[in-house]
Amino acid sequence: MSDSRPFHFKWPNTLLMIIVVMVSLSLSFWQYHRVLEKQQLAADYQRMLKGEPRPLNSLAPEEYAQLSQQAWQRVSANGEFLEDFAFFLDSQVYHGRPGYHYLVPLALSGSQEVILVNLGWLAAGANRQQIPAFPEINVTQPVIGQLSSPRTVTPGFVEQDNNDAVHLFINLSKLAEKLERPIAPMIILLDEEAQGGLPRSWPAFDAKVGMHEFYVAHWLFVAAFAILLYIYFGFKTPKTNT
């Protein structure tokens with residue numbers, strides 16, 4: 001004699017299960033496409049690392065504004081370091097020690113454009129009032145590095161000016177006014193292997209592929225769990241009043 005329980009079909013449960021499964025599968029497929037996009041970004045980054053740096057001196061004036069869309073691009077530049085406009089970027093940590101990044105504008109040869117170059121890290125003094133002297137610039141040219149988005153001033157933030165030597169954020173528009181020259185919207189992180197500069201260890205590019213792979217599995221699990229719950233409650237014997 002069979003002891004199997006009959007399946008109790010209920011429209012509300014069925015409709016809810018279908019909606020949850022469809023939404024979860026849709027989100028999972030979307031995250032899967034994000035995985036493919038991020039894998040392509042990671043592959044493009046590896047090609048950029050192995051490829052020849054893009055020479056900035058040969059860019060047309062309108063192309064400098066488009067540099068903001070080319071983060072992590074390896075570039076090369078020749079020009080004159082404008083040491084009178086150098087400054088320290090505060091709150092930078094290197095191997096657990098607090099300090100500054102040393103940024104110097106580079107006036108590109110054969111162009112009116114200027115781009116900031118981050119030459120690396122310098123230790124902070126014994127107290128916040130003890131500002132280190134600007135190091136001598138001994139970087140060989142062409143300057144080779146990666147483009148990076150600057151840590152710019154946030155809206156509503158009033159930055160305290162400390163004799164123009166130390167800044168918490170980079171104010172490109174204010175710097176352009178002082179230089180009386182246009183300035184590129186990105187900065188160059190001097191290659192770690194390049195001669196000259198200061199100690200430097202830049203963060204590696206992370207496409208966050210693993211995060212999107214986790215979300216793919218997460219939404220697939222939600223869809224499978226919704227189906228299992230639907231089956232469970234379908235075979236569950238309804239309570240009867242005695």
Side-chain angles (χ1 to χ4, degrees), residues 45 48-49 53 56 64 67-77 79-108 113-179 183-208:
Y45 172 68
M48 285 192 297
L49 284 182
L56 295 183
Y64 287 99
L67 291 179
S68 58
Q69 304 171 10
Q70 301 179 33
W72 303 99
Q73 171 73 55
R74 290 189 76 233
V75 296
S76 64
E80 177 189 359
F81 280 108
L82 306 178
E83 300 183 46
D84 291 341
F85 299 93
F87 62 93
F88 293 125
L89 188 64
D90 204 352
S91 301
Q92 305 297 328
V93 178
Y94 180 75
H95 291 175
R97 297 180 59 193
Y100 311 96
H101 279 170
Y102 183 38
L103 285 92
V104 187
L106 178 70
L108 300 178
E113 293 287 338
V114 175
I115 189 166
L116 278 173
V117 181
N118 190 331
L119 300 182
W121 178 87
L122 190 69
N127 55 67
R128 303 304 296 175
Q129 288 69 41
Q130 185 180 349
I131 301 173
F134 288 139
E136 180 183 355
I137 300 175
N138 57 354
V139 177
T140 57
Q141 298 214 19
V143 176
I144 298 177
Q146 291 181 325
L147 291 178
S148 177
S149 300
R151 188 173 71 183
T152 54
V153 179
T154 56
F157 179 83
V158 179
E159 185 179 13
Q160 292 183 347
D161 196 329
N162 190 0
N163 296 324
D164 288 334
V166 179
H167 297 279
L168 186 58
F169 297 97
I170 299 175
N171 193 326
L172 291 176
S173 58
K174 183 178 178 181
L175 182 58
E177 291 177 2
K178 292 181 179 180
L179 294 170
I183 188 166
M186 303 288 276
I187 64 175
I188 298 177
L189 303 178
L190 183 65
D191 267 0
E192 295 178 13
E193 296 79 14
Q195 295 182 1
L198 301 168
R200 51 198 181 274
S201 178
W202 310 123
F205 174 76
D206 183 10
K208 295 182 171 57

Requested in this report: Could you tell me which non-hydrogen atom of Ile144 sits nearest to which non-hydrogen atom of Ser76, and how far apart they are?
Outcome: CG1-CB, 4.0 Å
Query raised in the report: Only one of Ile183, Ile187, Leu108, Val143 clears side chain to side chain contact (heavy atoms under 4.5 Å, CB included) with Ile115; which?
Result: Leu108
Query raised in the report: Would you say the ring centroid of Phe88 lies under 6.0 angstrom from that of Phe134?
Result: yes
Query raised in the report: What distance do Leu103 atom CG and Phe85 atom CZ have between them, rounded to the nearest 0.5 Å?
Result: 15.0 Å
Report task. Locate the shortest heavy-atom distance separating Arg97 from Trp121; write the atom from each residue and the value. Result -> O-CZ2, 3.5 Å
Query - Sub-4.5 Å side-chain heavy-atom contact between Phe87 and Leu116 - result: yes
Requested in this report: With the side chain counted from C-beta on, respond yes when Gln141 and Leu106 share a heavy-atom pair under 4.5 Å apart, and no when they do not.
Outcome: yes
Report task. Identify the heavy atoms of Ile188 and Ala77 that sit nearest to each other, and give their distance. Result -> CD1-CB, 4.3 Å
Requested in this report: First locate atom NZ of Lys178, then atom OG of Ser173, and finally report the distance between them rounded to the nearest 0.5 Å.
Outcome: 11.0 Å
Report task. Kindly give the heavy-atom pair with the smallest separation between Gly145 and Asp191, and that separation in Å. Result -> CA-OD1, 3.4 Å
Query raised in the report: From Asn138 CG over to Gln195 CD, what is the distance, rounded to the nearest 0.5 angstrom?
Result: 9.5 Å
Query raised in the report: If you round to the nearest 0.5 Å, how far is CD of Glu136 from CD of Glu83?
Result: 8.0 Å
Query - Whether Gln73 side chain and Ala71 backbone form a donor-acceptor pair below 3.5 Å - result: no
Query - Euclidean distance, Glu113 CD relative to Leu179 CG, rounded to 0.5 Å - result: 11.0 Å
Requested in this report: Give the minimum heavy-atom separation between Pro135 and Leu122, together with the two atoms involved.
Outcome: CG-CD2, 4.0 Å
Report summary line: So OH of Tyr102 and CG of Leu89: to nearest 0.5 Å the spacing works out to 13.5 Å
Query - Donor-acceptor under 3.5 Å (Tyr64 side chain, Leu56 main chain) - result: yes
Report task. Search all heavy atoms of His101 against all heavy atoms of Asn118 and return the closest pair with its distance. Result -> ND1-ND2, 3.2 Å
Query raised in the report: Can you check whether Met186 reaches Ser149 side chain to side chain, under 4.5 Å on heavy atoms?
Result: yes
